[in-house]
Amino acid sequence: MKQGLFITLEGMDGAGKSTQITAIRKLLETKGHEVIVTREPGGTAISEKIREIILDRENAEMDPMTEALLYAAARAQHVTRVIQPALEQGTHVVCDRFIDSSVAYQGYGRGLGDSVSIINAYAAAGCVPDITFFLRLEPDVSKGRIQEGSLDRIELEAMDFHQRVFHGYEELALQFPERIITIDAAEEISAVSETIREHIERLL
Ligand code: TYD
């Protein structure tokens with residue numbers, strides 16, 4: 001049975017995920033593969049509506065568990081309606097963020113701990129990426145790369161929150177060394193792309 005590759009990108013905002021996703025799409029398309037690019041929270045009409053609620057700066061009073069469940073709800077819709085059907089057709093799926101974001105941001109950042117993995121095991125129906133690229137950039141550096149004026153509710157969080165998120169990513173990378181490839185995002189864009197290309201070509 002043909003099965004597409006499920007590739008995810010993770011890291012702090014400003015780590016350069018979008019640029020690398022464009023490069024991955026180009027790499028796969030040039031080789032004649034079917035590929036879809038998608039993102040979380042989002043990727044379906046319903047998930048994009050949930051995204052608006054989550055990221056709305058006016059929802060400052062949102063409880064951490066509400067937040068975690070909304071990310072998971074958006075993900076459930078995305079996995080069942082977009083990701084799984086594409087993979088089953090042999091289409092590769094490149095996704096900007098996935099469950100690792102929830103573990104890092106809600107589990108470590110908000111302090112919800114292991115509950116986040118449990119919720120998401122249900123939400124994603126056991127769907128796990130084949131490979132995840134963690135674009136590693138220290139929070140103080142990544143903060144300097146994002147535009148102050150357009151910050152969403154999560155980006156508005158204080159530096160200690162982002163430090164915890166970063167620590168969460170480092171822990172995840174240690175926990176799943178087979179799946180999560182850590183790449184220094186402070187390197188040249190072309191060097192990062194090259195590392196990603198080598199890993200993907202090995203999987204094709
Ligand atoms: P993202 O789309 O990467 O933001 P932008 O459009 O600004 O590049 O993600 C939005 C925010 O949501 C980002 O700060 C990370 C956060 N997030 C979580 O906290 N948990 C999650 O499960 C996901 C997918 C994202």
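Counting starts at 1 for both ligands and their atoms, in listed order.
Legend: salt bridge (charged side-chain N to carboxylate O under 4.0 Å, His left out) pairs involving residues 98-107, not counting sequence neighbours, sorted by first then second residue: Asp100-Arg179.
Using modelled atom types, one finds no donor on one side chain facing an acceptor on the other under 3.5 Å when comparing Glu88 with Gln3. In this structure, a donor-acceptor pair under 3.5 Å is present between the side chains of Arg97 and Tyr105. Judged by distance alone, the side chains of Ser102 and Arg75 do bring a donor and an acceptor atom under 3.5 Å apart. Glu40 and Ser101 form no side-chain donor-acceptor contact under 3.5 Å, judged by distance and modelled atom types alone.
With hydrogens and angles ignored, the 3.5 Å screen pairs no side-chain donor or acceptor of Asn120 with any backbone N or O of Ile99.
Using a 4.0 Å heavy-atom criterion, the residues that approach ligand 1 are Asp13, Glu40, Pro41, Arg51, Leu55, Tyr71, Arg75, Arg97, Ser101, Ser102, Tyr105, Gln106, Asp152, Ile154, Glu155.
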